[in-house]
Amino acid sequence: MLRGTVKTSDVESPGHLGELLDRCAYLADEGLATAAFLALRMGRPLLLEGEAGVGKTELARTLATVLGAPLIRLQCYEGLDGPQVLYDWDFARQLLHLKAAEASGITDAARLEGEVYDRRFLIARPLLKAVETQPSVLLVDEVDRADVEFEAILLEVLSDFAISIPELGTVRAQSPPVVVLTSNRTRELHDALRRRCLYHWLEHPSFEREVTILLRRLPGCSRSLAEQVAGAAGRLREAGLVKPPGVAESLDWAEALLTLGARELDPGLAAATLGALLKHREDHETVLGNGFFDVSRG
């Protein structure tokens, strides 16, 4: 099948889904492909946990590409509430409508109330947008950064993919969206939300898988450079850094090296491009002071 023409019912097996993801340059291992396949076929949300940069968000993006569906992203943060994630009324447009009606001589209060709470004045936030859009992929990114109260809102929507709007009634999804939740485990999620989801923990990739990812995502990258980047990134993940590099950082680093015309990794160029790989001053000091870019070690 061609990319962008696949329905969830067309995905025959975890292996088939793995092939479809591979065509979009996302290399999923058997465990992740199985978890994603079950989420598609069972209509259940998929909760992905793991270190930052291991490919949680990218899986949702790639599933949207495979399915030819819009990606609706809800980036979580502290203080999220109902109007920010469900829906809100466009008060400015409602007020303009009332003024226009008044200028036209309309005084029927019941009629005006019915008109200002028409669907055209409703602003669909990510959760309502996902319920109304078929097909769609809903990405609830970094759900651990939101408050516990947000989990209650999310759980209610995920239970039956319906949203109650007092002025309009209940909006229910004709078919559930594909839902991917990601968490970096900055706090523990409530058990009620976990029970609603299928679950998978994403590890950092093996050396060979990371080399393959680099070669697939960066066609201009030589195998030698990919192996050196993957080897260095793997060692740094075991070095007790404040923020070990994920695959996303490995890709950024390799791309930075390629931009500078590198075919091999040498200590000077590695140090000069370190900002693409590590994002904390303490990590820079640790790496530069311990000879991590001696490529003969990797």
Side-chain angles (χ1 to χ4, degrees), residues 32 35-36 38-40 42-64 69-91 122-166 170-173 176-204 242-249 279-280:
L32 179 57
L38 291 174
L40 294 181
M42 296 170 64
R44 296 280 295 279
L46 176 60
L47 171 59
L48 300 176
E49 288 192 325
E51 299 291 338
V54 294
K56 304 184 295 295
T57 299
E58 191 61 28
L59 175 67
R61 292 196 185 104
T62 309
L63 283 173
L71 176 69
I72 300 171
R73 180 173 181 173
L74 172 55
Q75 179 62 52
C76 297
Y77 55 87
E78 186 177 352
L80 272 179
D81 58 17
Q84 294 169 308
V85 301
L86 293 169
Y87 64 89
D88 202 359
W89 290 102
D90 190 336
F91 296 115
L122 190 71
I123 302 172
R125 303 302 187 190
L127 294 184
L128 177 59
K129 191 177 297 184
V131 167
E132 290 186 316
T133 306
Q134 280 86 38
S136 65
V137 175
L138 172 63
L139 168 62
V140 184
D141 215 5
E142 298 184 320
V143 65
D144 53 314
R145 295 187 180 277
D147 300 321
V148 175
E149 291 76 12
F150 167 72
E151 288 187 42
I153 297 173
L154 184 60
L155 184 62
E156 183 177 358
V157 174
L158 296 182
S159 294
D160 54 10
F161 295 103
I163 295 174
S164 177
I165 303 173
T170 299
V171 180
R172 191 178 304 276
V178 175
V179 181
V180 177
L181 299 88
T182 75
S183 169
N184 296 330
R185 298 200 69 175
T186 58
R187 71 169 177 84
E188 282 297 324
L189 302 179
H190 197 281
D191 285 344
L193 181 60
R194 289 183 177 276
R195 286 196 299 269
R196 184 66 187 83
C197 304
L198 301 179
Y199 177 84
H200 187 76
W201 173 268
L202 266 72
E203 298 281 0
H204 289 291
V242 174
K243 171 56 180 71
V247 179
E249 287 75 28
K279 310 303 170 66
H280 288 267

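Counting from 1, the numbers follow the sequence of the chain as shown. All figures in this text were calculated on a predicted structure; none of them were measured in a lab.
With a 4.5 Å cut-off on side-chain heavy atoms, V85 and L154 do not count as touching. In this structure, V140 and F150 have side chains that are in contact, with non-hydrogen atoms separated by less than 4.5 Å. Taking 4.5 Å as the limit, some side-chain heavy atom of D160 sits within range of a side-chain heavy atom of R172.
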Stepwise side-chain contact (heavy atoms from CB on, under 4.5 Å) test for L59 and L46
CA-CA 11 Å; L59 175 67; L46 176 60; 4.1 Å; yes

Give the intermediate values and the outcome of side-chain contact (heavy atoms from CB on, under 4.5 Å) for residues L138 and L127.
CA-CA 8 Å; L138 172 63; L127 294 184; 3.7 Å; yes

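When atom types are taken as modelled, the side chain of K56 and the backbone of E51 share a donor-acceptor pair closer than 3.5 angstrom. Between the side chain of E151 and the backbone N or O of H190, at least one donor-acceptor pair lies under 3.5 Å. Looking at E156, its side chain never comes within 3.5 Å of a backbone N or O of I153 through a donor-acceptor pair. Under a 3.5 Å cut-off, the side chain of D90 and the backbone N or O of I123 do not form any donor-acceptor pair.
A salt bridge links R185 to E188: at least one charged side-chain nitrogen sits closer than 4.0 Å to a carboxylate oxygen. Look at E78 and R187 and you find no salt bridge, because none of the NZ, NE, NH1 or NH2 atoms lies under 4.0 Å from a carboxylate O.
When all heavy atoms of S164 and Y87 are compared, the pair lying nearest together is O-OH, 3.9 Å. For H204 against G246, the heavy-atom pair with the smallest separation is CE1-CA, 3.8 Å. Between A60 and V137, the closest heavy-atom pair is O-CG1, 3.8 Å. Residues P70 and T133 approach most closely at CG-CG2, 3.7 Å, considering heavy atoms. In terms of heavy-atom proximity, P83 sits nearest to D88 at O-CB, 4.0 Å. Taking each heavy atom of T182 and T57 in turn, the nearest pair found is CG2-N, 4.2 Å.
Partner of C197 under the side chain to side chain contact (heavy atoms under 4.5 Å, CB included) criterion, chosen from L155, L181, V180: L181. With respect to L128, the side chain to side chain contact (heavy atoms under 4.5 Å, CB included) criterion is satisfied by exactly one of I72, L86, V157, I165: I165.
Taken from CD in Q75 to CG in L80, the straight-line distance is 9.0 Å, to the nearest 0.5 Å. Going from atom CD of E58 over to atom CG of L48 covers 12.5 Å, rounded to the nearest 0.5 Å. Here the straight-line distance linking atom CG of L193 with atom CG of D144 works out to 11.0 Å at 0.5 Å rounding.
Listed by chain and number, the residues in a salt bridge (charged side-chain N to carboxylate O under 4.0 Å, His left out) with R145 are E142 (sequence neighbours excluded). Contacts of Y199 classified as side chain to side chain contact (heavy atoms under 4.5 Å, CB included), with partners at least two apart in sequence or in another chain: L47, E49, R194, W201.
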